[in-house]
Amino acid sequence: EKATRKEYPEGIAPHGTDALRFTFAALASPSRDIRFDLARVAGYRNFCNKLWNAARFVTMSAGAQSGEPPTSVAAAEAELSVADRWIRSRFGRALETVEKSLADYRFDYAAAALYEFTWYEFCDWYLELTKPVLQSDSSSPAARAGTRRTLLETLEALQRALHPIMPFITEEIWQRVAPLAGRSGPTVMLAPYPQHADFPSDEGSEREVGWLQSFILAVRQIRGEMNISPSRRIPLLYRNACAHDLELIQRHHAWLERLAGIEPARALAPNEPVPPAATALVGDLTLLVPMAGLIDAAAEAERLSKLLARAQSDLEKAGARLSNDNFVRNAPEPVVATERQRLADFEQAVARLASQLERVQDLLGQGTV
């Protein structure tokens with residue numbers, strides 16, 4: 001008791017029953033010992049908040065407040081976009097993992113599959129992919145109906161999947177979503193558990209959305225490396241595009257422009273000189289973001305020089321430690337392995353920062369700021 005009071009002088013903050021239950025499920029490995037950490041509970045409390053906010057978005061965008069009666073979602077002749085087909089396919093794969101994990105009493109694997117699908121695929125990707133469809137006047141009624149139906153059906157089934165682990169928040173959300181999704185019943189507790197066969201796999205949509213994700217993440221990586229504001233729209237050039245790349249760029253330009261924050265992309269002409277640009281690869285496709293006008297080249301060069309000097313110092317220290325035979329011989333193998341990994345990470349950081357600095361210095365050499 002004395003140690004606990006010392007560690008938590010202000011008391012232990014409340015986290016919620018669902019967050020605590022999810023923590024225990026996520027920690028339920030075959031090991032007899034569990035390392036309980038309140039930080040994990042706080043993380044799953046954030047997961048509950050993420051799920052609640054996603055449910056609010058869905059009910060407002062696809063439910064009664066969407067401007068169309070909820071019954072029209074089921075009655076309309078819906079047209080499923082590639083994103084709609086993708087999320088259904090990914091949900092089916094997650095459910096298949098959950099079914100196998102529960103059969104093997106691996107509640108940690110089941111919890112991880114539901115967490116990753118909910119947080120990364122449904123909330124981080126699919127909800128963003130629905131916005132251009134639901135908020136654009138150019139979208140057809142059939143496309144909007146297909147997206148609304150997919151949102152509601154996936155969210156409703158997700159509450160049934162999560163309910164054994166998180167009974168309280170899923171009951172609250174299900175009571176609001178189930179009528180909109182065309183499902184009735186007194187409680188989610190008595191609803192059938194979702195089956196992966198209800199959400200068949202679609203490898204074509206998974207490949208296509210995987211390409212979209214790679215494209216968007218590549219542009220976001222350039223933004224992060226070059227310290228470009230997320231709110232600023234940036235020009236984008238590309239080269240080495242195959243016919244399939246060109247087709248996808250044309251078909252999904254609305255998603256690419258919105259989620260990557262780019263101006264309409266264009267191909268680099270065959271004889272067009274390549275401007276100083278940050279580059280990224282999506283397969284064989286090369287993406288280029290011209291830096292002229294986007295950054296203060298002098299300030300960016302100074303910032304990168306400081307980061308590079310710090311990374312080089314860290315690299316030298318890690319290298320000196322590993323070059324010490326006494327350390328390598330006497331230190332526990334996990335410690336030595338950690339140091340080697342740190343050395344590899346520092347080497348990558350130095351190479352990356354040096355490449356970025358070289359591009360910015362090229363920009364300064366041209367007199368462009």
Side-chain angles (χ1 to χ4, degrees), residues 47 50-51 53-54 57-58 61 80-97 112-136 139 143 146-147 150-151 154-155 158 199-226 228 230-267 278-289 352:
F47 176 65
K50 185 97 166 177
L51 179 63
N53 290 333
F57 170 81
V58 172
S61 301
L80 299 182
S81 70
V82 65
D84 299 330
R85 301 195 307 274
W86 169 76
I87 198 63
R88 290 173 181 269
S89 179
R90 296 305 301 164
F91 188 38
R93 293 188 189 278
L95 288 175
E96 186 174 13
T97 300
L114 290 169
Y115 179 93
E116 291 173 6
F117 171 80
T118 303
W119 189 291
Y120 300 111
E121 295 180 317
F122 186 72
C123 295
D124 282 358
W125 280 105
Y126 181 61
L127 295 189
E128 292 302 315
L129 290 168
T130 65
K131 292 177 181 178
V133 179
L134 296 175
Q135 298 172 1
S136 174
S139 300
T147 296
T150 300
L151 276 168
T154 305
L155 180 64
L158 181 59
F199 297 87
S201 64
D202 186 331
E203 294 183 0
S205 67
E206 291 193 32
R207 285 194 299 270
E208 194 162 335
V209 173
W211 181 93
L212 269 172
Q213 291 172 317
S214 297
F215 190 109
I216 293 165
L217 290 173
V219 177
R220 289 177 179 176
Q221 180 182 353
I222 291 174
R223 279 185 183 277
E225 290 178 350
M226 304 311 299
I228 301 172
S231 61
R232 183 167 184 176
R233 295 181 69 83
I234 57 178
L236 183 71
L237 304 173
Y238 58 87
R239 62 181 178 180
N240 301 330
C242 65
H244 183 61
D245 291 329
L246 294 173
E247 179 187 353
L248 293 179
I249 291 172
Q250 176 62 31
R251 186 190 310 165
H252 301 311
H253 67 89
W255 277 332
L256 296 175
E257 290 168 19
R258 176 162 182 156
L259 299 184
I262 60 174
E263 297 171 359
R266 72 172 182 87
T279 63
L281 293 175
V282 180
D284 294 329
L285 175 67
T286 302
L287 306 181
L288 304 98
V289 176
R352 185 180 69 253

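By convention here, the first residue in the shown sequence is residue 1.
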Nearest non-hydrogen partners of I222 and A280, listed with the distance: CD1-CB, 3.9 Å

Heavy-atom side-chain contact between L51 and F122 under 4.5 Å: no

Spacing of CG belonging to L158 relative to CZ belonging to F91, to within rounding of 0.5 Å: 5.0 Å

Evaluation steps, side-chain contact (heavy atoms from CB on, under 4.5 Å), between D124 and W119: CA-CA 6 Å; D124 282 358; W119 189 291; 3.5 Å; yes

Partner of L287 under side chain to side chain contact (heavy atoms under 4.5 Å, CB included), chosen from I262, L236, N240: L236

Side-chain heavy atoms of T147 within contact of Y126, under 4.5 Å: yes

Distance in Å, I228 CD1 paired with R220 CZ, rounded so as to fall on 0.5 Å steps: 14.0 Å

Interatomic spacing from CD1 in I249 to CG in L256 - rounded to 0.5 Å: 7.0 Å

Beyond-backbone contact of V58 with L127, side-chain heavy atoms, under 4.5 angstrom: yes

Nearest non-hydrogen partners of F47 and L114, listed with the distance: CZ-O, 4.4 Å

Over 12 foreign heavy atoms within 6.0 Å of CD, E203: no

Reported CG-to-SG distance for the pair L155 and C123, which is rounded to 0.5 angstrom: 8.5 Å

Check: T150 main-chain N/O paired with T154 side-chain donor or acceptor under 3.5 Å: yes

Test item: T97 side-chain N/O and R93 main-chain N/O as donor-acceptor pair under 3.5 Å: yes

Atom pair CZ/NE2 of R207 and H244 - distance to nearest 0.5 Å: 8.0 Å

Steps toward side-chain contact (heavy atoms from CB on, under 4.5 Å) verdict (L80, W86): CA-CA 10 Å; L80 299 182; W86 169 76; over 6 Å; no

Electrostatic pair R85-E208, nearest N-O below 4.0 angstrom: no

Any side-chain heavy-atom pair of R239 and L288 under 4.5 Å: yes

Where V282 and A218 come nearest, the two heavy atoms and their spacing: CG2-CB, 4.1 Å

Test log, rule side-chain contact (heavy atoms from CB on, under 4.5 Å), inputs L129 and I87: CA-CA 10 Å; L129 290 168; I87 198 63; over 6 Å; no

Short side-chain to backbone donor-acceptor contact, R223 and R232, under 3.5 Å: yes

Non-hydrogen side-chain atoms of R266 and L237 separated by less than 4.5 Å: yes

Carboxylate-amine/guanidinium proximity below 4.0 Å for K131 and E128: yes

Contact check, side chains of V209 and R90, non-hydrogen atoms, under 4.5 Å: no

CA sep, side-chain torsions, deciding dist, call: W255, L248, side-chain contact (heavy atoms from CB on, under 4.5 Å): CA-CA 11 Å; W255 277 332; L248 293 179; over 6 Å; no

Side-chain heavy atoms of L212 within contact of L259, under 4.5 Å: no

Considering all heavy atoms, the nearest L134-S61 contact: CD1-CB, 3.8 Å

Rounded distance [0.5 Å steps], OG in S205 versus CZ in R88: 11.0 Å

Within-4.5 Å side-chain heavy-atom neighbours: D245 and F215: no

